[in-house]
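Data first, discussion second: the structure below is written as structure tokens.
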Amino acid sequence: MLLEPQDVELFFKLQRTLMFFVNQRLKVIPADLASPEAFAALSPEVRVKIRDALNANVDLIEAFVGENPARLSDDELDIVRSWRHLVHGNFYVFRQLPKYTVFLTTTALAIAYGVLALSQRFEDLIGPYLPVLTQTVLLPFKGVIVYDGMMSSYNISFGPGVRRSLNKSFKGAKARHGIVRSLPMSGEPLPPKVPKARPAPKPPSREEFRNQPKQRGGEVGGHPQDAEVPA
């Protein structure tokens with residue numbers, strides 16, 4: 001599932017504005033960028049360097065919000081401020097669902113995130129055959145989770161054993177936290193599922209009771225010796 005076009009435009013506006021600020025502070029690129037639009041024009045390899053610098057200096061988000069050099073609105077600043085809850089690292093793009101794509105962390109206790117694509121579907125970016133191991137950053141955005149538009153994938157194929165292991169990890173992740181669809185995720189685990197109580201069997205009606213075949217003692221349990229012997 002994709003973001004709405006107007007939300008995609010807003011996302012990239014905020015992202016390039018923040019990244020421009022990050023480069024001004026950290027000088028990741030020696031040559032000064034002239035504007036946020038200049039960041040958007042950089043090659044993916046260079047943009048990733050600035051993105052990685054932000055991951056290592058997340059406190060710059062609060063500095064950006066405090067200074068507000070681009071004179072963003074309060075709503076826009078709230079979105080950028082929420083990005084301090086970013087999640088970065090390696091993920092398995094695990095499963096396509098109607099409302100989102102499941103990203104599964106590679107950690108021992110996996111977490112499953114429901115992620116929306118931006119302007120291109122994930123299958124157009126990484127192909128239709130899942131799982132795919134990727135590296136990217138997940139960000140909160142207006143109540144959903146998106147990726148930051150920069151994704152590198154590993155050309156690895158997975159055999160049946162790995163697929164079974166990932167399915168097991170996914171089931172465990174769902175049992176612990178469900179599929180996480182907003183950030184920050186709740187630290188509370190899901191309550192254990194209570195087995196549904198089976199409804200009590202309906203007693204037979206009088207007519208059904210009368211029509212039931214009569215049981216002889218010797219037929220119960222298959223033990224003829226238990227039959228009642230008349231005197």
Side-chain angles (χ1 to χ4, degrees), residues 1-3 7-8 11-12 15 19 43-58 82-196:
M1 185 174 177
L2 300 174
L3 278 184
D7 285 336
V8 174
F11 173 82
F12 282 121
Q15 186 204 43
M19 294 300 176
S43 68
E45 294 78 13
V46 176
R47 284 186 280 125
V48 164
K49 290 180 180 179
I50 301 176
R51 186 275 306 275
D52 290 346
L54 173 62
N55 294 343
N57 297 273
V58 179
S82 73
W83 291 351
R84 69 188 188 276
H85 301 298
L86 62 82
V87 180
H88 66 91
N90 290 329
F91 303 89
Y92 294 103
V93 183
F94 179 71
R95 183 170 296 171
Q96 296 277 7
L97 296 178
K99 294 184 178 180
Y100 46 76
T101 299
V102 176
F103 280 49
L104 193 64
T105 64
T106 60
T107 51
L109 290 178
I111 300 172
Y113 294 99
V115 184
L116 273 63
L118 299 172
S119 58
Q120 286 182 282
R121 299 177 303 172
F122 287 120
E123 61 191 72
D124 295 331
L125 295 170
I126 60 176
Y129 304 108
L130 302 180
V132 173
L133 182 60
T134 65
Q135 185 180 68
T136 191
V137 175
L138 306 184
L139 298 167
F141 183 81
K142 298 177 71 171
V144 298
I145 299 177
V146 298
Y147 85 114
D148 70 345
M150 291 173 272
M151 176 185 291
S152 57
S153 58
Y154 300 89
N155 188 21
I156 303 173
S157 59
F158 300 102
V162 175
R163 291 175 181 273
R164 283 194 296 270
S165 177
L166 290 178
N167 280 322
K168 183 178 179 181
S169 294
F170 177 54
K171 290 178 180 178
K174 285 204 303 180
R176 287 187 296 273
H177 300 288
I179 297 179
V180 180
R181 300 176 61 182
S182 63
L183 292 171
M185 65 175 283
S186 171
E188 296 295 326
L190 291 178
K193 288 186 177 181
V194 178
K196 291 183 179 179

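- The shortest non-hydrogen separation linking Ser82 to Pro140 is O-CG, 3.1 Å.
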Given the rule in the side-chain contact (heavy atoms from CB on, under 4.5 Å) test, do Leu86 and Leu138 qualify, once you have shown the distances and angles that lead to the verdict? CA-CA 6 Å; Leu86 62 82; Leu138 306 184; over 6 Å; no

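- Note that CG of Leu130 and CG of Leu104 are 12.0 Å apart. Values are rounded to the nearest 0.5 Å.
- Take Arg84 and apply the side-chain contact (heavy atoms from CB on, under 4.5 Å) test, not counting sequence neighbours, and it matches Val58, Ile61, Glu62, Arg81.
- In this structure a side-chain-to-backbone donor-acceptor pair under 3.5 Å is present from Asn167 to Arg163.
- Here the closest non-hydrogen pair linking Met19 and Leu54 is CE-CD2, 3.8 Å.
- Contact of the Lys142 side chain with the Asp7 side chain is registered, since non-hydrogen atoms from C-beta on lie closer than 4.5 Å.
- For the pair Ser165 (side chain) and Gly161 (backbone), a donor-acceptor distance under 3.5 Å is absent.
- For Asp124 (side chain) and Gln120 (main-chain N/O), no donor-acceptor pair under 3.5 Å exists by modelled atom type.
- Side-chain contact check for Met151 versus Gln135: every heavy-atom pair is 4.5 Å or farther apart.
- Side chain of Trp83 to main chain of Leu139: no donor-acceptor pair is present (N/O by atom type, distance under 3.5 Å, no hydrogens or angles).
- Here the CZ-OG distance, from Arg164 to Ser169, works out to 13.0 Å after rounding to the nearest 0.5 Å.
- Nearest heavy-atom pair across Ser153 and Val132 is CB-CG1, 3.9 Å.
- Scored by the salt bridge (charged side-chain N to carboxylate O under 4.0 Å, His left out) test, Arg51 finds Asp148 as partners (sequence neighbours excluded).
- The nearest pair of heavy atoms linking Ile111 to Thr105 is N-OG1, 2.9 Å.
- Lys99 and Leu116 make their closest contact through O-CD1, 3.7 Å (heavy atoms, listed as atom of the first residue, atom of the second, distance).
- By the 6.0 Å contact criterion, OH on Tyr129 is open, its count of non-hydrogen atoms from other residues, nucleotides or ligands being 12 or less.
- Considering every non-hydrogen atom in both Leu2 and Arg121, the closest pair reads CD2-N, 3.7 Å.
- Looking at Tyr92, Phe122, Phe94, Tyr113 one by one, the single match for ring pair (Phe, Tyr, Trp, His ring centres under 6.0 Å) with Phe103 turns out to be Phe122.
- The side-chain heavy atoms of Leu3 and Val146, taken from C-beta on, include a pair separated by under 4.5 Å.
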Determine, step by step, whether Met150 and Arg47 satisfy the side-chain contact (heavy atoms from CB on, under 4.5 Å) criterion, reporting the C-alpha distance in whole Å, the side-chain angles of both residues, the deciding distance to 0.1 Å, and the verdict. CA-CA 8 Å; Met150 291 173 272; Arg47 284 186 280 125; 3.7 Å; yes

side-chain contact (heavy atoms from CB on, under 4.5 Å) assessment of Leu125 paired with Tyr147: CA-CA 12 Å; Leu125 295 170; Tyr147 85 114; 3.2 Å; yes

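- No side-chain donor-acceptor contact under 3.5 Å links Thr134 and Thr136.
- Here the side chains of Phe158 and Leu133 are in contact, with some heavy-atom distance below 4.5 Å.
- Of the possible donor and acceptor atoms, one in the side chain of Arg176 sits under 3.5 Å from a partner among the backbone N and O of Ala110.
- Contact of the Phe141 side chain with the Leu118 side chain is not registered, since no non-hydrogen atoms from C-beta on lie closer than 4.5 Å.
- By the 4.5 Å heavy-atom criterion applied to side chains, Phe170 and Ile179 are counted as neighbours.
- Looking at residues two or more places apart in sequence or on another chain, you find no ring-ring contact (aromatic ring centres under 6.0 Å, His included) involving Tyr100.
- Formation of a donor-acceptor pair under 3.5 Å by the Arg181 side chain with backbone atoms of Val144 is not found in this model.
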